[in-house]
Every structure is written in C-alpha cells, then in structure tokens.
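In what follows, a structure is listed as structure tokens, so that the remarks can point back to it.
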Amino acid sequence: MSSYDAIYAIVQQIPYGQVATYGQIAELANLPGRARLVGYALFRVAPEADIPWHRVINAKGEISESPVRYGSDYLQRSLLEAEGIQFNAQGRINLRIYRWQGVIDAAQNSQ
DNA sequence: GCCATGACGGAGC
DNA sequence: TGCTCCGCCATGG
C-alpha cells in the first residue's frame with residue numbers, strides 16, 4: 001500500500017449522482033499529473049473493495065474502454081445512469097453538471 | 001534490475 | 001472538433 005490509499009479515500013468521497021475525472025482524483029490525492037496511476041490503482045482494487053469506481057471517468061467525460069475490461073464499461077454506464085446521470089448522444093457525460101468539485105474551499109466559491 | 005505496458009491528460013496539428 | 005504524440009510512474013515478466 002502507498003499513496004494509492006489516498007486515491008481510494010478520494011473515490012469513496014464522491015457523492016451519489018456525481019462523477020470525477022482521473023486527473024481530478026489524482027490531484028485530490030496529492031498526485032498531480034499521475035492520473036494514469038489512479039486508473040491503474042482502481043483497476044487493481046475495484047473488484048475487491050467498496051469503491052464506487054464507476055463514478056470515475058476520464059477528462060473527456062466519457063467512460064474509458066480497455067481490452068482488459070471487456071464489457072465492464074457498459075456496466076459502469078448502467079450504474080451511472082442508475083444514479084441519474086445522463087449521457088449525451090456521444091455517450092459522454094456533461095462534466096459541467098455532474099463533475100464533483102471535491103473539497104471546495106469557501107474562498108474558491110466566490111465565483 | 002531492466003524493459004514494456006497501461007481505467008489518463010494536455011498540448012500540438 | 002478530432003486524432004496523434006509525449007510525459008509520468010507503478011506493476012509484472
């Protein structure tokens with residue numbers, strides 16, 4: 001175990017009906033630029049942990065596909081839709097609406 | 001211990 | 001708007 005522990009902690013904090021990007025998770029986990037490690041970490045722990053991995057998507061707002069996942073991406077989409085998240089015609093999620101802003105600082109909320 | 005790969009991100013064309 | 005290339009670093013052979 002290592003910094004990944006922070007990644008799992010962050011993912012578990014994603015609220016129902018919202019999503020976060022790998023890069024965002026990495027940043028919150030104090031691993032800026034290591035978005036890849038986030039996805040890799042989730043892939044290794046997902047099946048044996050209570051982590052809502054389906055709420056983690058890429059920066060494009062879509063579900064990442066990979067030959068090692070086969071059809072898991074379809075399951076992920078189903079889970080997200082079950083939470084009320086809508087996909088557009090391109091199968092992507094509107095991050096401007098569903099993106100989890102993580103732990104927002106009060107000062108940053110001035111926008 | 002070295003080499004190749006990978007749920008990504010961002011810049012460049 | 002969409003595709004391609006490079007960078008980052010842990011894991012496995």
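The chains referred to below are lettered A, B, ... by the order of the sequence lines, with proteins before strands, and numbering in each begins at 1.
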| Taking the side chain of A:R36 as heavy atoms from C-beta outward, which of C:dT11, B:dG9, B:dG6 is closest to it? | B:dG6
| field | For atom CD of A:E62 and atom C1' of C:dC3, their distance in whole Å | value | 13 Å
| message | Just so I know, are the side chains of A:W100 and A:I10 near enough to count as touching, which here means a heavy-atom distance under 4.5 Å? | response | yes
| request: Can you tell me the distance, in whole Å, between the CG atom of A:D5 and the P atom of C:dA10? | output: 15 Å
| For C:dC8, does OP1 or OP2 lie under 4.0 Å from any side-chain N or O of A:R34? | no
| Between C:dG2, C:dT11, B:dG9, which nucleotide gets closest to the side-chain atoms of A:R92? | C:dG2
| remark: Of the candidates B:dC8, B:dG9, B:dG6, the side chain of A:S64 sits closest to B:dC8
| query | Would you say a side-chain N or O of A:R44 is under 4.0 Å from OP1 or OP2 of B:dG6? | reply | no
| A:S64 and A:D73, any side-chain heavy atoms less than 4.5 Å apart | no
| message | Rounded at 0.5 Å granularity, tell me how far CD in A:Q24 sits from CD in A:Q101. | response | 8.0 Å
| query | Between atom CG in A:L37 and atom P in B:dG6, what is the gap in whole Å? | reply | 15 Å
| task | Starting from the 5' end of DNA chain C, give me the residue, A:Q90 or A:G33, whose nearest nucleotide shows up first. | result | A:Q90
| remark: Whole-Å distance, A:I7 CD1 to B:dG6 C1', equals 14 Å
| message | Rounding to an integer number of Å, can you tell me how far A:K60 NZ sits from C:dT4 P? | response | 12 Å
| task | Find the distance between CH2 (A:W53) and CD1 (A:I25) and round it off to the nearest 0.5 Å. | result | 14.5 Å
| task | Calculate the interatomic distance between A:Y4 atom OH and C:dT11 atom C1'; express it in whole Å. | result | 7 Å
| task | Would you mind reading off the distance between A:N30 atom CG and C:dC8 atom C1', rounded to a whole angstrom? | result | 15 Å
| message | Can a donor-acceptor pair be found, under 3.5 Å and without considering hydrogens, that links the side chain of A:R36 to the backbone of A:R34? | response | no
| message | Distance check needed: B:dG6 P versus A:D73 CG, whole Å only. | response | 16 Å
